[in-house]
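What follows is a set of notes on a single structure, which appears directly below.
Letters A, B, ... are given to chains in the order of the sequence lines, protein chains preceding strands, and every chain is numbered from 1.
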Protein chains: 2
Amino acid sequence: MENGRDGMTTARTDETAGLGLRPLYVQVREKLLRRLVDGVWAPGDILPSEMQLAAELGVSQGTVRKALDAMAAENLVVRKQGRGTFVARHDDERIMFQFFRLKPDAGERKFPDSTILSTGTFPASAEERRVLGLDPGARVIRIERLRSIGGLPAIVETVILPAGIFGALQGMELPNNLYGLFAVNFGVVIMRSTERLKAVAASAQEAKLLSLAPGAPVLQISRIAYSLENQPVEWRISTCTSEGFHYSVDLR
Amino acid sequence: MENGRDGMTTARTDETAGLGLRPLYVQVREKLLRRLVDGVWAPGDILPSEMQLAAELGVSQGTVRKALDAMAAENLVVRKQGRGTFVARHDDERIMFQFFRLKPDAGERKFPDSTILSTGTFPASAEERRVLGLDPGARVIRIERLRSIGGLPAIVETVILPAGIFGALQGMELPNNLYGLFAVNFGVVIMRSTERLKAVAASAQEAKLLSLAPGAPVLQISRIAYSLENQPVEWRISTCTSEGFHYSVDLR
DNA sequence: AAGTGGTCTAGACCACCTC
DNA sequence: AGGTGGTCTAGACCACTTC
């Protein structure tokens, strides 16, 4: 493919046209990301080999490698020596380590069960529209659930989703791991999230659900989850007991 | 330098001896890390160029580059195009973004002031010995301080340090940014930390210092900070108001 | 002009996996 | 045996900084 990049023997024909001054491997990363977003490759699929991608895109293997290494560092793909490069799966194990930061004070980390308390579709509040970037008049799905860890109630959670994206979710059987459902049924892949934590007093209802005294201090986690396109697609408010559990972060 | 690695023209003489089967760039990274630990290069110093390091260590420039890229990703060094590679500084700005996660609910992020409440040296408790990996009979320095953000009291903090390392700190003027002091005066560079968060009820003393009602819910952050050698060297318990502030994390 | 890190290519060998 | 990603080298050009 003639694209003006031919390595060390020839002068570079500077026809990268317009704003094409970003590094080649960044452009390759964006092309591959675009295919992920468009669902050309689904989670768990194997990607073409580095050599094949290099030939197809008209760049060297090393450039494809640098793009894939960057995507692996972002948890978008998984590289397996001798096998190939795969689109990252949103299996429970991965979600557990990447997004679920609540751990027992002692003992093994466990994944929580979920009991749905209520679901429904409502006009989005002003704050919901602001957080999720929705237009006036937009609607949202609200899911309330109680999550238990090791049989003990630990988290009361409200999940808020744009009805415009997830409307078909109403009436579905809701799995414990929502992000897996988002990926498989809606093509929405959660790439990253931001969380804001506060200590608050438990409301009467929260205290009852969590077997705490009313007004007991609880961790309130407000999470905004972003898709591959970097759009906010979920707002989740989790109220967590601090009795026997803590929120764990590594800073480096 | 004859080390059995000579690239593409000759078969590899597998004399890497014993357990030397780790990648070359990992070994280079460890050699460079050793020099950082030993204080051969101080924070802010410029490192030799990639070419010089490559010649000195008997590897190619590309291998040195991969080691330095890894160290840059770990925040150990900073690379500046056209200038050189520098040992990371522990200036306030960097600490603020890397370790200080408390942000105002609205407005700009600010760095807190500190007022020392008390300091002293004590026999380490059993828990302090466990957390910091100290021998029986070891002593610790305890520093209590009140930190204010924008003039408002926000954090009551206890810092626990092994007296065996930081004994000379007693009597020093304590700066706001302790990690800078650790690096400059004790050669202890904080590389990473782990934090555990809980919601608890403020004690009478904490409530008074933070201008809260007794029993008000507050964020309790337990941080263990690790040196370059990956040894725990500080245990810090911060009690933070949730009135107007939140703890912020990015998960990716 | 000289030196540094950043990008890109090309080709070799190695370790691992599948068939 | 053949294919894949992982490591290592070598050399070119580019962008940026400093003199």
> Nearest to the side chain of A/Pro23, which nucleotide is it out of C/dT7, D/dT9, D/dT7?
Replying inline: C/dT7

Identify, with sequence neighbours excluded, every residue that meets side chain to side chain donor-acceptor pair (under 3.5 Å) alongside [X].
X        : result
B/Ser222 : B/Trp235
A/Glu74  : A/Arg29
A/Arg34  : none
B/His246 : A/Arg196, B/Asp105

>> What residues from residues 63-70 of chain A pass a heavy-atom cutoff of under 4.0 Å to DNA chain D?
In response: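 Result for residues 63-70 of chain A: A/Arg65, sorted by number.
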
>> Quick test of your reading: applying salt bridge (Lys or Arg N to Asp or Glu O under 4.0 Å), list the pairs with at least one residue in residues 40-50 of chain B, sequence neighbours left out, ordered by first then second residue.
In response: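 Pairs touching residues 40-50 of chain B that pass the test: B/Glu50-B/Arg65, B/Glu50-B/Arg79.
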
Separation of [N] [atom2] from [X] [atom1] (nearest whole Å):
X       : N      : atom1 : atom2 : answer
B/Leu47 : C/dG3  : CG    : C1'   : 16 Å
B/Arg79 : D/dA15 : CZ    : P     : 19 Å
B/Leu24 : C/dC13 : CG    : C1'   : 13 Å
B/Gln61 : C/dG5  : CD    : C1'   : 8 Å
A/Arg29 : C/dC8  : CZ    : C1'   : 19 Å
A/Phe86 : C/dC16 : CZ    : C1'   : 13 Å

>> Suppose we screen for side chain to side chain contact (heavy atoms under 4.5 Å, CB included). Which residues come up paired with A/Thr194, at least two apart in sequence or across chains?
In response: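 Scan of A/Thr194 (side chain to side chain contact (heavy atoms under 4.5 Å, CB included), adjacent residues dropped) gives A/Arg192, A/Ile224, A/Tyr226, B/Asp250.
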
> Who are the side chain to side chain contact (heavy atoms under 4.5 Å, CB included) partners of A/Val78, not counting sequence neighbours?
Replying inline: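 Once residues adjacent in sequence are excluded, the partners of A/Val78 under the side chain to side chain contact (heavy atoms under 4.5 Å, CB included) criterion are A/Lys80, A/Ala88.
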
>> My understanding is that only one of B/Val189, B/Leu228, B/Leu68, B/Val87 makes a side-chain contact (heavy atoms from CB on, under 4.5 Å) with B/Leu76; could you say which?
In response: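 Of all the options given, the one that passes is B/Leu228.
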
Every protein N/O lying under 3.5 Å from an N/O of nucleotides 1-4 of chain D:
unit_1: D/dG3; atom_1: N2; unit_2: A/Gly82; atom_2: O; d: 3.0
unit_1: D/dT4; atom_1: O2; unit_2: A/Gly82; atom_2: N; d: 3.2

> With respect to the phosphate group of C/dT7, does any side-chain polar atom (N or O) of A/Tyr25 fall under 4.0 Å of OP1 or OP2?
Replying inline: yes

>> Under 3.5 Å, is there a donor on one side chain and an acceptor on the other for B/Tyr247 and B/Glu195?
In response: yes

